[in-house]
Number of protein chains: 2
Amino acid sequence: MDPHLLTTFVTVARHGSFSAAAAELGYTQSAVSQQIAALEADLGLPLLLRRPVEPTEAGRRLLEHAGPLLLRLRAARADVLRAAARPGHRLRLAVTPLAVNPVVAARLARARAGNPRLEVSLHTCGRDQAVAMVAEGRADLGLADGLAAPSDPLRLLDAGPMTAVGVSEEELVVALPAGHPLAGRAALALADLVDARWLQTPLCPLARLRDLVGDGFPVGLDYQGDNVHTVLNLVAAGHGLTLLPASALSGAAAAGLPLAAPRLVHRVELLHGALPPGPAADLAAVLSG
Amino acid sequence: MDPHLLTTFVTVARHGSFSAAAAELGYTQSAVSQQIAALEADLGLPLLLRRPVEPTEAGRRLLEHAGPLLLRLRAARADVLRAAARPGHRLRLAVTPLAVNPVVAARLARARAGNPRLEVSLHTCGRDQAVAMVAEGRADLGLADGLAAPSDPLRLLDAGPMTAVGVSEEELVVALPAGHPLAGRAALALADLVDARWLQTPLCPLARLRDLVGDGFPVGLDYQGDNVHTVLNLVAAGHGLTLLPASALSGAAAAGLPLAAPRLVHRVELLHGALPPGPAADLAAVLSG
DNA sequence: GATGCTTACGTATGACGTAATGATT
DNA sequence: AATCATTACGTCATACGTAAGCATC
């Protein structure tokens with residue numbers, strides 16, 4: 001169960017080919033073959049079917065473990081090195097699309113005003129990627145957002161010991177077309193909307209909604225993108241409903257109605273590993289309020 | 001960052017001695033010295049101070065990562081092997097002290113009645129140990145209990161992909177001496193008790209309580225044991241209060257008052273890894289109701 | 001017959017043990 | 001002086017590359 005062999009295994013499984021994996025990893029075909037053979041001998045089980053190359057049942061289980069395992073290994077190394085590295089003025093933040101809300105943006109401005117030498121760059125990415133970037137040291141801080149019950153933490157990918165502190169919790173609103181039959185109400189209960197058509201977007205994943213509330217929420221349209229204006233235009237055109245933080249709807253093409261029950265909020269959390277005193281720690285302190 | 005070297009590192013750190021670690025691991029002193037040197041060279045940092053042998057700051061960070069990492073590695077291996085192993089009739093359950101409540105015990109009886117060949121053994125241990133035992137395949141199923149908000153999952157140690165399903169949620173009561181000034185009330189709010197003295201026990205860890213409710217809950221007495229009768233006698237004698245599932249107080253020396261707010265429950269979860277069809281899967285199905 | 005995985009074999013790297021060296025109490 | 005970690009060196013295992021073999025499309 002050498003991580004080296006595990007890396008090779010996941011690469012082979014991803015490509016469905018020994019030779020392609022060998023090319024990516026800088027090995028010969030033969031070496032990859034030997035590594036897979038060694039892993040299979042170690043476990044006493046075949047992990048891959050050949051021709052076509054695809055994982056066996058045991059292989060699929062191992063794949064489920066291998067990804068997180070290798071991530072944590074990289075995270076451990078990065079965390080140790082980061083704790084020892086001398087802090088700089090250039091800070092990279094990994095942010096999810098809706099994490100930079102007015103509260104966060106204002107705090108960021110305050111931090112920059114307090115330290116003019118600070119150079120900040122924001123990199124938008126998905127939630128798991130943000131966690132991975134912080135864990136692996138490719139970002140100094142992370143800001144991740146998501147749906148949660150009030151004062152409940154987000155369920156983030158576990159990449160080992162990492163700090164996650166709540167930064168803001170904001171009201172969620174149901175975005176729906178201006179002419180929608182329910183658009184006149186003062187507030188909406190999610191229970192009344194389980195049978196409506198919903199947008200499936202990374203900004204409001206229906207799987208998470210079902211997880212929190214229960215079954216239902218049929219998919220009206222799947223939008224693989226994180227542009228709020230696009231989402232609102234899709235909502236306005238009747239493709240489906242979605243949930244957004246209230247601040248994301250200012251001057252929008254769609255109506256936004258507060259969510260009555262069950263009570264859910266849009267939560268933003270700040271992520272970071274070990275932070276030696278320095279600009280990164282200062283920024284983290286300002287952002288977490 | 002070879003797991004091999006990581007294992008050696010944690011062993012050395014635990015013993016505070018290269019030679020003792022070498023003896024435990026079956027290496028020579030020299031080999032251990034070389035392994036630590038290799039790890040330090042790989043990271044470019046000293047991890048241990050010598051004479052006396054104790055971790056540096058970087059070493060402490062690595063230690064935090066190494067334990068869970070090695071656990072997940074063993075868990076991955078165990079999970080793959082378990083999925084392939086032929087199921088037997090002897091099932092080992094890792095259970096935390098309060099996990100076997102009347103509901104669980106009744107379901108276990110039902111399962112045994114339904115399959116007379118079933119041989120079950122229960123092994124009591126702490127929560128993290130229970131997770132580790134299931135993850136590493138030293139137990140077929142696990143039953144873990146803890147405090148949680150209603151229908152919230154327990155926060156268990158993450159040892160990789162593992163199934164955790166709720167089995168029972170039960171009312172919590174505040175155990176207090178029969179003559180206590182509050183003992184006459186119908187129910188109690190936790191907020192009224194943050195300044196009372198509390199028992200610190202594995203059955204009701206105050207850290208978890210503070211995590212869920214807020215600061216306070218000063219320690220009256222620390223009891224390192226899991227015997228409910230002992231706890232109730234300590235409560236009756238006025239050493240401090242504690243929370244227990246209602247069913248644990250039948251015929252007790254202390255009074256038990258229902259908890260009004262904030263609403264917390266005693267939750268039991270069933271843990272298992274990959275379960276091929278067989279007695280283990282059948283038992284899991286019965287236990288999860 | 002071409003493509004792609006496996007096997008055989010030679011080489012080189014490195015991991016451990018023995019034994020000598022050095023440091024600390 | 002005794003204890004314990006480090007360094008030096010010899011040996012053995014193993015991991016990779018080259019090249020030949022073999023199965024599948």
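Note on naming: letters A, B, ... go to the chains in the order of the sequence lines (proteins, then strands), and numbering restarts at 1 for each one. Source: prediction; values computed, not measured.
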| remark: Rounded to whole Å, the CG-P distance (B:Asp42 to C:dA15) equals 11 Å

| task | Give a yes/no on whether any side-chain N or O of B:Arg50 is located under 4.0 angstrom from OP1 or OP2 of D:dT6. | result | yes

| query | Between D:dA5 atom C1' and B:Gln35 atom CD, what is the distance in whole Å? | reply | 14 Å

| task | Could you tell me the separation between the CG atom of A:Leu5 and the C1' atom of D:dC16, rounded to a whole number of Å? | result | 13 Å

| note | From CZ of A:Phe18 across to P of D:dT24 the rounded distance in Å is 14 Å

| How do A:Ala38 and B:Ser30 order along DNA chain D: which one's closest nucleotide is nearer the 5' end? | B:Ser30

| Reported CD-to-OG distance for the pair B:Glu24 and B:Ser17, which is rounded to 0.5 angstrom | 10.5 Å

| task | Dump the intermediate steps for side chain to side chain donor-acceptor pair (under 3.5 Å) on A:Gln35 and A:Thr8, then the final yes or no. | result | CA-CA 7 Å; A:Gln35 290 178 10; A:Thr8 300; 2.4 Å; yes

| Does B:Asp140 pair with B:Arg90 as a salt bridge, N-O distance under 4.0 Å? | no

| request: Using a 4.0 Å heavy-atom cut-off across all strands, classify B:Gln34 as base, sugar-phosphate, or nothing. | output: base

| said: Whole angstroms only, please: what is the CG-P distance between B:Asp2 and D:dA13? | reply: 19 Å

| Is any side-chain N or O of A:Gln29 closer than 4.0 Å to OP1 or OP2 of C:dT6? | no

| said: How many whole angstroms separate atom NE2 of B:His4 from atom P of D:dA15? | reply: 12 Å

| said: Over all strands shown, is A:Ser19 touching base, sugar-phosphate only, or nothing at heavy-atom distances under 4.0 angstrom? | reply: sugar-phosphate

| Separation of A:Asp282 CG from A:Leu118 CG (nearest 0.5 Å) | 8.5 Å

| said: Return the OG1 to CG distance between B:Thr96 and B:Leu143, rounded to the nearest 0.5 Å. | reply: 7.5 Å

| request: Round to a whole Å and report the spacing from CG of B:Leu49 to P of D:dT6. | output: 11 Å

| said: Please tell me if A:Tyr27 has a side-chain N or O lying less than 4.0 Å from either OP1 or OP2 of D:dG17. | reply: no

| query | Base, sugar-phosphate alone, or nothing: which one does A:Arg51 contact when heavy atoms must sit under 4.0 Å apart? | reply | base

| request: Round to a whole Å and report the spacing from CG of B:Leu39 to C1' of C:dA15. | output: 15 Å

